[in-house]
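Reviewing the structure listed below.
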Amino acid sequence: MGRGRAGGSEDPRFLIVLCASGGASIIDAALAIRESEAGVAAPTINCFPDGAISSVEGSPLRAVDGSLGSVGAIPISFSTQQAQFVGAHAQDMLVATLTSTSVNHNVAQERAVTGNAAWRGRTIQESVANQYGAAFPLPNVHLNTGTGFTVRGADDSLPAWAYGEQVADPTLWPLALDGARGTTYPVDSDVLATARTLRNDVLDQNSAFNQAFAGADAVRAWTGLRGNTQAAVEQAALIDKLLFVPDEAPYNLGARGLTPSPDAALVRSVFPNYDWDPLHAQAALAFLLIKNRVSVTVTLGPSFDLVLEDGTSLGGGGLPEGSMANPPIAFDFSHQGHRSTQAFMWSRLYEVASGLITLLQGEEWANGESLWDRSMIYVATDFGRSKTRVANAAGFGTGHDLNNGLLTISPLVSGNTVLGGVEPTTGMTYGFDPGTGAPEPGRQMSEEEIFGGLLGVLGVDTQGETDPIPAMEA
Amino acid sequence: MFLDRVAWMVAGALVLGGCGGGGGGGASDAESGFTDGETESGTDGSQTNPTDPTDPTDPTDPTGDTDDPVAEQAPSARPRVKFKTAERYAADLSNALSIPADSLCSELDAFDCVSVHKVALGEVDAFGLRLLEPLESTPLTAPIAVDRIGLTACGERAARDHADPQSATSFVEVAGVDAPDASAREAVVARLYRQLLLREARDAERAAVAAMYEDLPEAGRSQTWSQMACFVVATSTEALFY
């Protein structure tokens with residue numbers, strides 16, 4: 001069993017939602033199917049030559065490795081190292097099968113974080129923030145944008161700070177954590193405080209505008225954020241802790257009296273493409289937000305945009321290896337080339353997850369416990385992909401399919417575990433008994449059930465609104 | 001503890017206080033700092049206390065400026081107020097301070113302030129971030145971003161005026177003057193209100209902003225006061241909403 005129901009901010013769990021936008025197919029990674037298992041269905045089912053799938057000894061988790069010459073129609077060579085990741089982290093990996101309820105990207109993404117409104121519409125991030133985030137400056141930070149994974153939940157009863165704070169640009173966003181430092185014409189904090197007091201307490205309070213419109217929600221929200229809230233953020237000196245860009249052009253922090261975070265070099269070494277790959281930048285800031293006790297949950301993930309290294313030539317001969325970080329529409333590029341897209345994108349997620357795990361393992365929480373020991377990466381995705389292919393084709397396109405599974409990585413989960421299973425002749429996953437964890441062919445796991453299971457792992461008290469799944473908990 | 005729990009709880013309660021109870025179809029308005037803050041007549045007025053000397057709706061005018069007819073502004077029965085958002089706010093600042101938009105404000109001398117903070121300040125970014133709608137609620141960083149923009153733009157105007165008093169456009173009476181007197185400072189405040197808020201400053205407002213001079217460090221006080229006098233007006237709630 002897990003650690004039981006945890007308390008508040010003194011004993012938090014940290015949730016990292018790693019968004020696999022577009023549809024990460026679980027049978028192209030941890031639940032991959034061998035041709036020999038599919039039998040006579042092998043030619044038309046999405047399965048792999050036996051030699052392409054490796055298993056970690058003593059683990060039900062699988063890995064698909066290989067080298068490919070393109071991602072869909074994009075000519076770029078790449079290799080995958082799923083086995084390396086699974087080999088390193090199998091003991092913290094839990095796969096649970098799931099059948100979702102929408103093949104619309106935005107709707108499905110939203111349901112992936114709300115459990116299809118399992119708990120009054122609040123998201124898993126909001127639930128964690130509400131449970132643990134009261135003493136954290138920004139409990140719930142969204143580092144990616146424009147997805148259903150980062151929607152505001154439908155439950156309006158939560159405190160305002162539990163809802164997600166949106167970060168547009170992780171490299172420069174920390175500047176907005178101090179009102180004066182690093183600006184072109186900075187002033188001493190005392191001077192700024194004097195001016196703010198005059199503005200907030202005298203001029204604003206007594207203006208005719210305020211007399212007329214102080215009751216407007218927009219004004220009240222604004223004035224509520226000023227004053228103590230603003231001061232608390234600045235007094236925490238987060239600008240000194242979260243800027244991870246180097247003190248060199250174009251940032252030149254020193255010229256404006258700023259310095260990079262003490263951990264800047266470390267996170268840049270783990271996520272070296274931060275200056276052209278938004279996911280690396282998000283991951284770098286995600287770690288710093290948790291490490292510096294700013295947030296209890298962070299959400300990040302690849303976008304639907306093509307991401308190429310600056311200066312990459314689009315001339316003939318294909319793209320240089322390593323020059324593309326993200327294909328257009330991320331996992332959804334599987335429409336054009338399923339196998340290569342899934343391989344490329346799973347590698348991308350594993351690489352970022354591995355970096356975050358390494359960083360969190362290196363930070364002590366207390367008494368020898370690391371930050372990773374109380375963290376969970378939830379690889380949230382829209383849905384699965386269709387399971388069939390043109391006979392014996394290695395390159396084929398797929399559509400959206402409700403049937404899939406999800407991956408969580410954490411010392412808090414029952415690691416090295418697959419809950420449910422996959423029928424190798426159809427590629428369809430089946431569920432499990434939520435009470436015992438025993439596989440149940442013919443059963444499908446719902447979003448509500450999995451949502452409750454995830455919250456159980458995280459120790460969130462749902463007051464009986466959702467049910468935990470003991471088999472998911474360490 | 002990392003931060004004072006009480007401070008955060010109070011902050012949360014303050015923001016929640018703006019929620020108006022939530023529930024129902026209009027619940028999302030509760031946090032919508034960038035959208036209409038329409039409320040039903042009487043709801044908000046009932047939360048004020050006419051006998052409270054700190055109550056801004058008190059018709060007796062806590063500024064003591066009893067001759068000023070504006071002091072008796074009644075609370076709006078249906079306060080429809082919108083945040084200007086980054087682009088509109090920057091355009092207003094640029095116009096008011098006579099600084100071209102492209103030199104109004106930069107972050108780290110390399111990035112346009114408005115672009116850096118535009119999402120936090122209510123803009124969308126359809127092509128860059130696939131953000132098709134403004135954020136539903138006001139981010140914690142939004143007021144800080146406004147302060148950075150206001151501080152920089154006002155600092156730029158102050159620097160230009162004090163470097164070349166003959167060409168000053170905002171701080172005419174104090175530019176290049178080491179120790180400007182109260183009347184000179186009040187003249188500047190009056191101009192700032194006209195430039196930034198498009199109205200005349202009330203007597204109490206002129207006096208209060210001019211008096212801030214006495215609270216500032218002596219070194220470079222005239223220019224610092226110029227910057228901060230501009231700042232308090234340019235970042236006032238009145239300057240940010242319409």
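We name chains A, B, ... by the order of the sequence lines, and we start the count at 1 in each one.
Ranked by non-hydrogen atom pairs under 4.5 Å with chain A, the options B/Ser236, B/Ala145, B/Pro217 are led by B/Ser236. In terms of non-hydrogen atom pairs under 4.5 Å with chain A, the most contact-rich of B/Gly155, B/Ala159, B/Ala211 is B/Gly155. Of the listed residues (B/Pro143, B/Ala110, B/Gly128), the greatest number of heavy-atom pairs within a distance under 4.5 Å of chain A belongs to B/Pro143.
Taking each heavy atom of A/Gly146 and B/Leu131 in turn, the nearest pair found is N-CD1, 3.9 Å. A pairwise comparison of heavy atoms in A/Gly215 and B/Pro79 identifies C-CG, 4.1 Å as the closest pair. The two residues A/Leu198 and B/Val209 come nearest to each other via the heavy atoms CD2-CA, 4.0 Å. The minimum heavy-atom distance between B/Glu238 and A/Ser207, with the atom names listed, is OE1-CB, 4.0 Å. Of all the heavy atoms in A/Tyr185 and B/Gln227, the pair that sits closest is O-NE2, 2.8 Å. Of all heavy-atom pairs between B/Thr138 and A/Ala221, the closest is OG1-CB, 4.4 Å.
A salt bridge is absent between A/Asp169 and B/Lys118: the closest approach of a Lys/Arg side-chain nitrogen to an acidic carboxylate oxygen does not fall below 4.0 angstrom.
Between A/Arg226 and B/Thr235, the closest side-chain pair of non-hydrogen atoms falls below 4.5 Å. For the pair B/Cys105/A/Thr184, no side-chain contact is recorded, criterion being any heavy-atom separation below 4.5 Å from C-beta on. Side chains of A/Phe209 and B/Val81 form a contact here, defined as non-hydrogen atoms less than 4.5 Å apart. Looking at heavy atoms from C-beta onward, B/Met228 lies in side-chain contact with A/Val187 at the 4.5 angstrom threshold. Annotation: side chain of A/Pro250 is not in contact with side chain of B/Leu108 (no heavy-atom distance under 4.5 Å). Within the 4.5 Å cutoff, no side-chain heavy atoms of B/Glu136 are placed close to those of A/Tyr163. B/Asp109 is not listed as a side-chain neighbour of A/Asn252, based on a closest heavy-atom distance of 4.5 Å or more. With contacts defined as side-chain heavy-atom distances shorter than 4.5 Å, the pair B/Thr237/A/Thr223 qualifies.
Under a 3.5 Å cut-off, the side chain of B/Glu107 and the backbone N or O of A/Leu175 do not form any donor-acceptor pair. Remark: the backbone N or O of B/Thr141 is paired with a side-chain donor or acceptor of A/Glu165 at under 3.5 angstrom. At distances below 3.5 Å, not a single donor-acceptor pair connects side-chain atoms of A/Arg152 with backbone N or O atoms of B/Leu135. Listed for the A/Arg196 side chain is no donor-acceptor partner under 3.5 Å among the backbone atoms of B/Val232. A donor-acceptor pair under 3.5 Å links the side-chain atoms of B/Arg148 to the main chain of A/Asp178, judged by distance alone.
At a 4.5 Å heavy-atom cutoff, the contact between B/Ala74 and chain A is made by backbone atoms alone. Heavy atoms of B/Glu156 lying under 4.5 Å from chain A belong to its backbone as well as its side chain. Contact of B/Thr224 with chain A is made through the side chain alone, with heavy-atom distances under 4.5 Å. In this structure, the portion of B/Leu240 lying under 4.5 Å from any heavy atom of chain A is its side chain and not its backbone. The contact between A/Leu258 and chain B is made entirely by side chain atoms (from C-beta outward), counting heavy-atom distances below 4.5 Å. Contact annotation for B/Leu216: only side-chain heavy atoms (C-beta onward) come within less than 4.5 Å of a heavy atom of chain A. Neither the backbone nor the side chain of A/Ala255 comes within less than 4.5 Å of any heavy atom in chain B.
Heavy atoms of other residues, nucleotides or ligands lying less than 6.0 angstrom from CD of A/Glu248 number more than 12. Within a 6.0 Å sphere centred on CD of B/Glu214, heavy atoms belonging to other residues, nucleotides or ligands number more than 12.
Using bins of under 30°, 30° to 60° and over 60° for the plane-to-plane angle, the ring pair A/Trp222/B/Phe83 lands in the tilted bin.
In this structure, A/Thr194 OG1 and B/Trp225 CH2 are separated by 14.5 Å, a value rounded to the nearest 0.5 Å. The CE atom of B/Met212 sits 11.0 Å away from atom OG1 of A/Thr197, with the distance rounded to the nearest 0.5 Å. One finds the CG atom of A/Asn206 at 7.0 Å from the CZ atom of B/Arg202 (value rounded to the nearest 0.5 Å). Here A/Thr183 contributes atom OG1 and B/Leu151 contributes atom CG; the two are 5.0 Å apart, rounded to the nearest 0.5 Å.
A donor-acceptor contact closer than 3.5 angstrom is absent between the side chains of B/Gln73 and A/Asn210.
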Checking salt bridge (Lys or Arg N to Asp or Glu O under 4.0 Å) for the pair B/Arg80/A/Asp217: CA distance, chi angles, key distance, verdict? CA-CA 9 Å; B/Arg80 293 172 179 265; A/Asp217 289 341; over 6 Å; no
Are A/Val202 and B/Glu205 close enough, and set up right, to give a side chain to side chain contact (heavy atoms under 4.5 Å, CB included), and what steps lead you there? CA-CA 9 Å; A/Val202 179; B/Glu205 290 168 334; over 6 Å; no
